[in-house]
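Some notes on the structure that comes next.
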Amino acid sequence: MKLKYSIGLFVMGLLVLFAFAQPGATEQEPQKHMKVDFSQSCTECHTEMTPDVVAVWQESRHGETSVKCYVCHGDGEVEFSANGDDERCSGCHGDKVVDFAKAPGDRCFDCHDGHSLKFHQN
């Protein structure tokens with residue numbers, strides 16, 4: 001009985017390992033924005049849907065310098081990050097990249113508010 005149980009566990013373990021060893025099995029599909037009319041700008045839709053977020057962004061340095069939503073969030077159709085992506089930050093702010101092992105947070109937005117981008121919200 002113990003031998004059958006051990007063999008069963010061994011086979012199940014191999015199946016799990018095999019599943020994760022498949023190419024792409026551990027890769028995440030890129031996120032996409034919910035289905036919307038992409039001929040409309042982000043700001044047009046979000047002014048209606050999340051007006052407070054748009055107002056905070058418009059008053060931020062990014063809003064004042066016309067850095068558009070896709071710069072931080074992706075285009076929505078092919079790739080999208082609802083919370084922004086640290087790699088996108090470093091595209092413009094490469095000189096400000098920190099060693100997160102020594103930083104108080106694990107990502108840029110742990111210290112910087114997402115839309116106002118004010119420094120050190122902690």
Side-chain angles (χ1 to χ4, degrees):
M1 180 74 167
K2 280 187 174 183
L3 182 60
K4 283 184 180 180
Y5 180 75
S6 296
I7 290 172
L9 282 176
F10 178 75
V11 170
M12 285 177 43
L14 284 176
L15 290 172
V16 168
L17 286 173
F18 179 73
F20 284 107
Q22 295 299 313
T26 59
E27 295 175 20
Q28 283 187 313
E29 285 290 317
Q31 293 180 18
K32 294 187 180 180
H33 193 283
M34 61 185 278
K35 297 240 184 251
V36 295
D37 177 5
F38 283 104
S39 68
Q40 185 180 28
S41 75
C42 303
T43 309
E44 284 180 80
C45 182
H46 281 275
T47 296
E48 184 178 318
M49 303 302 290
T50 57
D52 295 340
V53 171
V54 173
V56 168
W57 169 77
Q58 286 174 330
E59 293 173 6
S60 74
R61 296 282 305 268
H62 281 172
E64 290 174 356
T65 57
S66 296
V67 173
K68 302 297 183 203
C69 306
Y70 67 86
V71 173
C72 300
H73 295 284
D75 66 6
E77 291 183 271
V78 176
E79 61 178 334
F80 175 70
S81 175
N83 296 318
D85 183 345
D86 289 343
E87 287 182 30
R88 291 178 173 275
C89 298
S90 64
C92 297
H93 302 285
D95 60 327
K96 306 280 192 260
V97 174
V98 301
D99 178 358
F100 286 110
K102 297 177 184 176
D106 295 327
R107 53 188 313 255
C108 298
F109 301 108
D110 288 342
C111 292
H112 298 276
D113 178 62
H115 286 102
S116 72
L117 300 167
K118 292 184 179 167
F119 191 55
H120 290 280
Q121 68 182 27
N122 291 341

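Basis for what follows: all heavy atoms, side chains included, without hydrogens, waters or symmetry-related copies. This is a predicted model, so every value here is computed, not measured.
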Asp37 atom CG: more than 12 heavy-atom contacts under 6.0 Å: yes
In short, side-chain hydrogen bond (donor to acceptor under 3.5 Å, both in side chains) pairs touching residues 61-73 with sequence neighbours left out are none
With sequence neighbours left out, write down each residue that passes side-chain hydrogen bond (donor to acceptor under 3.5 Å, both in side chains) with Ser116, or none if nothing qualifies. Asp113
Cys89 to Phe109 - nearest heavy-atom pair and separation: SG-CZ, 4.0 Å
Residues two or more places apart in sequence or in another chain: which of them pass side-chain contact (heavy atoms from CB on, under 4.5 Å) with Ser90? Val97
Applying side-chain hydrogen bond (donor to acceptor under 3.5 Å, both in side chains) as the test, list every pair that has at least one member in residues 49-58; sequence neighbours left out. His46-Thr50
Report the distance from atom CG of Asp86 to atom NE2 of His112, rounding to the nearest 0.5 Å. 9.5 Å
Between atom CE of Met49 and atom SG of Cys42, what is the distance when rounded to the nearest 0.5 Å? 13.5 Å
Residues which pass side-chain contact (heavy atoms from CB on, under 4.5 Å) with Asp99, listed by chain and number, not counting sequence neighbours: Ala101, Lys102
In short, Thr47 meets Thr43 closest at the heavy-atom pair OG1-O, 2.5 Å
Going by side-chain contact (heavy atoms from CB on, under 4.5 Å), name the residues that satisfy it together with Asn83, two or more places apart in sequence or in a different chain. Arg107
